[in-house]
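Some notes on the structure that comes next.
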Amino acid sequence: MNIGRARDLDRAFFDRAPEVVAADIIGCTLLFEGCGGVVVESEAYGQRDPASHSFRGETPRCKSMFGPPGTVYVYRTYGLHWCLNLVTEAEGIGAAVLIRALEPTHGLSAMRGRRSGMDDRLLCAGPGRLTQALAVSGAIDGLDLVAAGMTLTPREGDVDVVAVPRIGISQATDLPWRMVARGSRFLSRPIPRSMAA
DNA sequence: CTATAGATAATCT
DNA sequence: GATTATCTATAGG
């Protein structure tokens, strides 16, 4: 795996079901223009998934979701926050993975500056926080992640991935498509008590 | 630690 | 007109 350098390998990684990519991306390092860190939380959004923007077909907002695997889908939510997604599966399907939290490792000072000195634990602990820290915006929506200036490097060693219900949605809340790195202290919210095991 | 309110505006019905 | 893949601050246990 050599994600972020060879375009063909990008495709191979992303050309799978969103819940598989969401799990595999945990532990990988995501960088955008020198800032970023290790992915510790993600969510899958699928083709026949009522909680997905793509569920009712292509609209102006979500058209990037129907692009090739590895496409960046960035949209604004609640009128003020950006959310970063990476398209998975096949072109035209409308599946993606939402990047929800990073353990910050690169460009700490720049990220702290953009987040007005917020504690490192909360620097990238949430979809809106992470885009603010990395300066991700709608400007890169629809681009291939490499063209957008991102790199994604494979994880080293083992990661304990836990699948739990997704956050902030009101449909299909039973689907365990939120993937988190067990034991991480950089999550947007903790693993539910009932599933902490 | 959990719970809740308020901000704030694009998007979709 | 309703909804929303969120964040922050604040209040209470």
Side-chain angles (χ1 to χ4, degrees), chain A residues 14 17-23 25-26 30 32 39-67 71-89 93-104 111-142 145 161-181 183-196:
Chain A
F14 288 107
E19 66 273 25
V20 175
V21 177
I25 207 170
I26 301 297
L30 179 70
F32 176 61
V39 180
V40 295
E41 179 177 345
S42 67
E43 280 180 3
Y45 287 88
Q47 180 183 21
R48 289 182 300 178
D49 169 10
S52 172
H53 290 167
S54 61
F55 183 62
R56 286 172 183 74
E58 192 173 326
T59 68
R61 176 179 58 171
C62 72
K63 73 171 187 294
S64 307
M65 259 186 107
F66 293 85
T71 299
V72 174
Y73 170 42
V74 181
Y75 68 93
R76 217 197 262 282
T77 189
Y78 291 92
L80 62 165
H81 303 293
W82 296 106
C83 288
L84 169 65
N85 302 253
L86 299 171
V87 175
T88 73
E89 211 155 336
I93 291 288
V97 168
L98 170 69
I99 308 301
R100 286 194 58 92
L102 305 177
E103 174 177 345
M111 294 198 288
R112 289 186 190 116
R114 292 188 197 110
R115 299 261 309 134
S116 58
M118 174 85 59
D119 186 277
D120 284 354
R121 191 179 70 79
L122 296 175
L123 211 49
C124 302
R129 291 166 173 162
L130 160 177
T131 53
Q132 186 184 11
L134 304 206
V136 163
S137 77
I140 60 171
D141 179 50
L145 86 160
V161 178
V162 196
V164 300
R166 294 176 290 181
I167 291 178
I169 57 171
S170 53
Q171 312 253 344
T173 52
D174 52 319
L175 231 43
W177 279 6
R178 175 186 175 222
M179 308 297 171
V180 301
S184 172
R185 63 184 236 274
F186 298 95
L187 305 179
S188 65
R189 291 175 59 175
I191 296 171
R193 283 172 28 124
S194 58
M195 312 188 82

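As the structure is a computational prediction, the values presented were derived from the model and not from experiment. Letters A, B, ... are given to chains in the order of the sequence lines, protein chains preceding strands, and every chain is numbered from 1.
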When all nucleic acid strands are considered with a 4.0 Å heavy-atom cut-off, which category describes A/R178: base, sugar-phosphate, or nothing? nothing

In whole Å, what is the span from the CG atom of A/L187 to the P atom of B/dC1? 12 Å

Heavy atoms only, 4.0 Å cut-off, all strands: where does A/I169 land among base, sugar-phosphate and nothing? sugar-phosphate

Under 4.0 angstrom, heavy atoms only, what part of the nucleic acid is A/S170 near: base, sugar-phosphate, or nothing? sugar-phosphate

To the nearest 0.5 Å, what is the distance between CG (A/D141) and CZ (A/R61)? 11.0 Å

Does C/dA5 have OP1 or OP2 under 4.0 Å away from a side-chain N or O of A/H53? yes

Would you mind reading off the distance between A/D119 atom CG and C/dA9 atom C1', rounded to a whole angstrom? 16 Å

Using a cut-off of strictly less than 4.0 Å, decide whether A/R129 has a side-chain nitrogen or oxygen near OP1 or OP2 of C/dT8. yes

Under the side-chain contact (heavy atoms from CB on, under 4.5 Å) test against A/S52, which residue among A/Q171, A/Q47, A/M65 passes? A/M65

Verify stack between A/Y78 ring and C/dC7 base, 5.5 Å, 30 degrees: no

Between A/Y45 and A/S54, is there a side-chain heavy-atom distance shorter than 4.5 Å? no

Mind checking the CZ-CG spacing from A/R115 to A/L123? Nearest 0.5 Å is all I need. 6.5 Å

Under 4.0 Å, counting only non-hydrogen atoms across every strand here, what does A/R76 touch: a base, just sugar-phosphate, or nothing? nothing

Can A/E103 and A/S184 be said to form a side-chain hydrogen bond (donor to acceptor under 3.5 Å, both in side chains), step by step? CA-CA 8 Å; A/E103 174 177 345; A/S184 172; 5.0 Å; no

If I take atom CZ in residue A/R61 and atom P in nucleotide C/dA5, what distance separates them, rounded to the nearest angstrom? 7 Å

Can you check the A/R189 CZ to C/dT6 C1' distance for me, whole Å? 11 Å

Check: A/L102 and A/L134 side chains under 4.5 Å, non-hydrogen atoms: yes

To the nearest angstrom, how far is A/M179 atom CE from C/dA5 atom P? 18 Å

So what does A/R56 touch, heavy atoms closer than 4.0 Å: a base, only the sugar-phosphate, or nothing? sugar-phosphate

Rounded to whole Å, the NE2-P distance (A/H81 to B/dA7) equals 14 Å

Any A/R115 side-chain nitrogen or oxygen under 4.0 Å from OP1 or OP2 of C/dC7: no

To the nearest angstrom, the CZ-C1' distance between A/R121 and B/dC1 comes to 11 Å

What does C/dA5 pair with, Watson-Crick or G-U, if both distances are under 3.5 Å? none

Do A/Y45 and the base of C/dA5 stack face to face, with centres under 5.5 Å apart and an angle between planes under 30°? yes

Respond yes when some side-chain nitrogen or oxygen of A/T59 is under 4.0 Å from OP1 or OP2 of B/dT11, and no when none is. no

Check every strand shown and say whether A/M118 touches a base, only sugar-phosphate, or nothing at a heavy-atom separation below 4.0 Å. sugar-phosphate

Round to a whole Å and report the spacing from CD of A/Q171 to P of B/dC12. 15 Å

